[in-house]
2 protein chains.
Amino acid sequence: MVTTPAFRRLPRAVREQQMLDAAVRVFSRHGYHGASMDEIAEKAGISKPMVYAYLGTKEELFVACLHREGTRMMEAIAGAAVPDLPADERLWRGLRAFFGFVGAHRDGWAVLYRQARAERAFADELTMMRARIVEVVAGMLDHALRAEGREVAETELEVVAYALVGASESLADWLADHPDADPEKTATRMMNVAWLGAAQLLHGHTWHPGMEGM
Amino acid sequence: MVTTPAFRRLPRAVREQQMLDAAVRVFSRHGYHGASMDEIAEKAGISKPMVYAYLGTKEELFVACLHREGTRMMEAIAGAAVPDLPADERLWRGLRAFFGFVGAHRDGWAVLYRQARAERAFADELTMMRARIVEVVAGMLDHALRAEGREVAETELEVVAYALVGASESLADWLADHPDADPEKTATRMMNVAWLGAAQLLHGHTWHPGMEGM
DNA sequence: GCGTAACCTTACGTACGAGTAGGTATGCTC
DNA sequence: GAGCATACCTACTCGTACGTAAGGTTACGC
C-alpha cells in the first residue's frame with residue numbers, strides 16, 4: 001500500500017528557505033532565547049536534525065536569518081538610492097525604501113534586529129552592517145559638503161551620520177510597534193529631522209556650548 | 001576559639017544594594033539569559049538563596065535593576081534640565097546630563113537599553129520610561145513653537161521628539177562601546193543635529209516630498 | 001532493477017541553571 | 001545569658017531544550 005506522503009521530499013535549497021522563514025517567525029515572536037529549535041523545526045514542517053544538518057547550531061541559524069534579512073534590506077535600499085542624484089534626493093529615496101521595508105516586515109526585521117543587539121555573540125555582525133549604512137550616509141553628507149566647497153573632519157561626519165542612522169532605527173522600532181502607522185509618513189518625518197538639520201550644517205551653521213538663546 | 005568571620009553580617013538594605021550592583025554588572029556582561037543567578041550571587045559575595053529571599057526571582061531581580069538605574073538616570077536629567085529656562089538651554093543641559101550619566105554608568109545603560117528592549121516582558125517598563133522622556137522633549141518643542149506663534153499637530157511633534165530621543169539613544173550606545181570617547185563632545189554633536197534641525201522647524205521650514213534639490 | 005546517496009525520522013544523552021528545603025550561626029533585647 | 005528574630009549556608013530537585021546517534025525511506029543514475 002503506497003500512501004502518497006503528505007509532504008514530498010524537497011531539494012536542500014528549498015528546505016533551507018522554509019527553515020529560515022520559520023526561524024525568522026519564531027525568533028521574532030519569542031526572542032532568541034525564548035525560541036526553541038523544536039518549534040522552529042515543527043513550524044518549518046520538518047524534524048529537528050534536519051535543521052542542524054542544514055543550518056547548524058542555533059547561533060548559526062540565527063546569524064543566517066540575520067544575514068538573509070539584512071541582505072534583503074540592503075538590496076532594497078541600494079536599489080532605491082541610486083548614485084548620480086542630488087544628495088537629498090538619494091537620502092529621501094533611501095529613507096523611503098528603508099521604512100517601506102521595515103513596514104512590510106514588521107514582525108521580521110525590527111524584532112530580529114532588537115534581539116541581535118542584546119546578544120554579545122551577534123554584536124560583530126550587527127556592527128558591520130550598521131557600519132556599511134553609516135558609511136553610505138556619511139558619504140552622502142561628505143559629497144554634499146564638498147559640492148559647497150566645505151570640508152568637515154571625518155570623525156565629525158561619522159558621528160552625525162551615526163546619529164541620523166540611530167534616529168532612523170528608533171523610528172523603525174516605533175513603526176514596528178504601531179501596526180497602523182504609515183511608513184511613507186514616517187519617512188517624511190525622518191527626512192524633516194535629518195535633512196533640515198544636515199542642511200544647516202551644510203551651510204556652515206553649527207551650534208556650540210555658550211550660544212544658548214541666540 | 002572565636003575566629004573573626006571573614007564577612008560580617010550586614011543589614012538587608014546594604015546587601016540588597018550589593019546584589020543589585022553585582023546583578024547590573026553580570027546582566028550587562030552576559031545579557032539577561034546568559035546571566036546566571038549563581039554568578040550574580042557569587043559576585044555579590046553572598047549565596048543564591050539570599051538573592052531569592054531579598055529580591056525574588058530572576059525576572060523580579062532584573063526589573064529591580066531596571067528600576068534603580070532608570071530612576072537614577074531620570075533624576076540626573078531632571079536635576080539638570082530645570083524649567084523656566086529657554087528651550088535650547090534646557091535641551092543642552094538635559095543632553096549633557098544624559099550623556100554624562102551614560103558615560104559614567106556604561107553597565108547600567110547596557111542593561112537598560114540593550115537587554116530590556118529584547119525581552120517582551122520588560123518592554124512595557126521601558127516604553128513608559130521612554131514615553132516620559134519623549135513627552136518632556138515634545139513639551140520643549142511645543143513650548144518653543146508657541147513662543148513663536150506657531151502650532152504643530154501633536155502626533156507630528158511626538159514623532160519628531162521620538163526621532164531625537166532615538167538619535168540620542170544610539171549615540172549613547174556608541175558612547176558605551178567607545179570607552180575613550182568624551183561624553184561632553186558627544187552631547188555637543190547631538191545638540192548640533194537636534195537643535196539645528198529643530199530650529200529649522202521652528203522657523204517654519206519643513207521638508208516634503210517633491211522639493212528635492214531646492 | 002539495484003545500489004547509492006540524499007533525505008528524513010524517532011528517541012535519546014546531557015548539561016545547565018532556576019528555584020527550594022531544611023538547617024546553622026549571630027547579634028540584639030530584656 | 002536566655003530567647004528570638006534575622007542573616008546566612010549547603011545541598012538538593014527538576015524541568016527544559018540543545019545537540020546527536022542510529023536507523024528507515026525515497027529518488028535517481030546506470
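Just so you know, these numbers come straight off a predicted model, no measurement behind them. Chain letters run A, B, ... following the sequence lines, proteins first, then strands; residues in each count from 1.
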**Q** Counting the benzene-type ring for Trp, do Phe98(B) and Trp109(B) have ring centres under 6.0 Å apart?
**A** yes

**Q** Please tell me which of Gly34(A) and Pro49(A) maps to the more 5' nucleotide of DNA chain D, matching each residue to the nucleotide holding its nearest heavy atom.
**A** Gly34(A)

**Q** Would you mind checking if Glu69(B) and Arg72(B) are paired as a salt bridge, meaning a charged N to carboxylate O distance below 4.0 Å?
**A** yes

**Q** Against Met19(B), only a single residue in Leu55(B), Val14(B), Val24(B) fulfils side chain to side chain contact (heavy atoms under 4.5 Å, CB included); can you say which?
**A** Leu55(B)

**Q** Do Lys48(A) and dG19(D) share a donor-acceptor pair, side chain to base, under 3.5 Å?
**A** yes

**Q** Under a 4.0 Å N-O cut-off, is there an ion pair linking Arg114(B) with Asp177(B)?
**A** yes

**Q** If I take atom NZ in residue Lys58(B) and atom C1' in nucleotide dT16(D), what distance separates them, rounded to the nearest angstrom?
**A** 13 Å

**Q** So which nucleotide from dA18(C), dC9(D), dG19(D) ends up closest to the side chain of Thr57(A)?
**A** dG19(D)

**Q** Between Asp173(A) and Arg117(B), does any side-chain N to carboxylate O distance fall below 4.0 Å?
**A** yes

**Q** Within the structure, does a side-chain N or O atom of Arg12(B) lie under 4.0 Å from either OP1 or OP2 of dC8(D)?
**A** no

**Q** Ignoring backbone atoms, test whether Arg15(B) places a side-chain nitrogen or oxygen under 4.0 Å from the OP1 or OP2 oxygen of dT6(D).
**A** no

**Q** Atom CD of Glu16(B) and atom C1' of dT6(D): how far apart are they, to the nearest Å?
**A** 13 Å

**Q** Taking any heavy-atom pair under 4.0 Å as a contact, classify Ala35(B): base, sugar-phosphate, or nothing.
**A** sugar-phosphate

**Q** Tell me which residues in residues 114-126 of chain B lie within less than 4.0 Å of DNA chain D, going by non-hydrogen atoms.
**A** none

**Q** Ser36(B) near the nucleic acid: base, sugar-phosphate alone, or nothing, with a heavy-atom cut-off under 4.0 Å?
**A** sugar-phosphate

**Q** What is the distance, to the nearest angstrom, from the OH atom on Tyr32(A) to the C1' atom on dC18(D)?
**A** 10 Å

**Q** Roughly, in whole Å, what's the span from OH in Tyr52(A) to C1' in dC7(C)?
**A** 19 Å

**Q** If you apply the rule side-chain contact (heavy atoms from CB on, under 4.5 Å), what do you find for Ile40(A) with Lys58(A), and how did you get there?
**A** CA-CA 10 Å; Ile40(A) 291 171; Lys58(A) 189 180 186 181; 6.0 Å; no

**Q** Rounding to a whole Å, what distance do you find between His33(B):NE2 and dA18(C):C1'?
**A** 12 Å

**Q** Measure the distance from CD1 on Ile46(B) to C1' on dA7(D) and round it to the nearest whole Å.
**A** 8 Å

**Q** Distance check needed: dG19(C) P versus Glu60(B) CD, whole Å only.
**A** 9 Å

**Q** Is Met37(A) touching bases, backbone alone, or none of the nucleic acid, heavy atoms closer than 4.0 Å?
**A** sugar-phosphate

**Q** Considering only NZ, NE, NH1 and NH2 on the basic side and carboxylate oxygens on the acidic side, decide whether Glu169(A) and Arg130(A) come within less than 4.0 Å.
**A** yes

**Q** Specify the separation, in whole Å, of atom CE of Met50(A) and atom C1' of dT20(D).
**A** 14 Å

**Q** Establish whether the base of dA25(C) is bridged to the side chain of Arg9(B) by a donor-acceptor pair shorter than 3.5 Å.
**A** yes

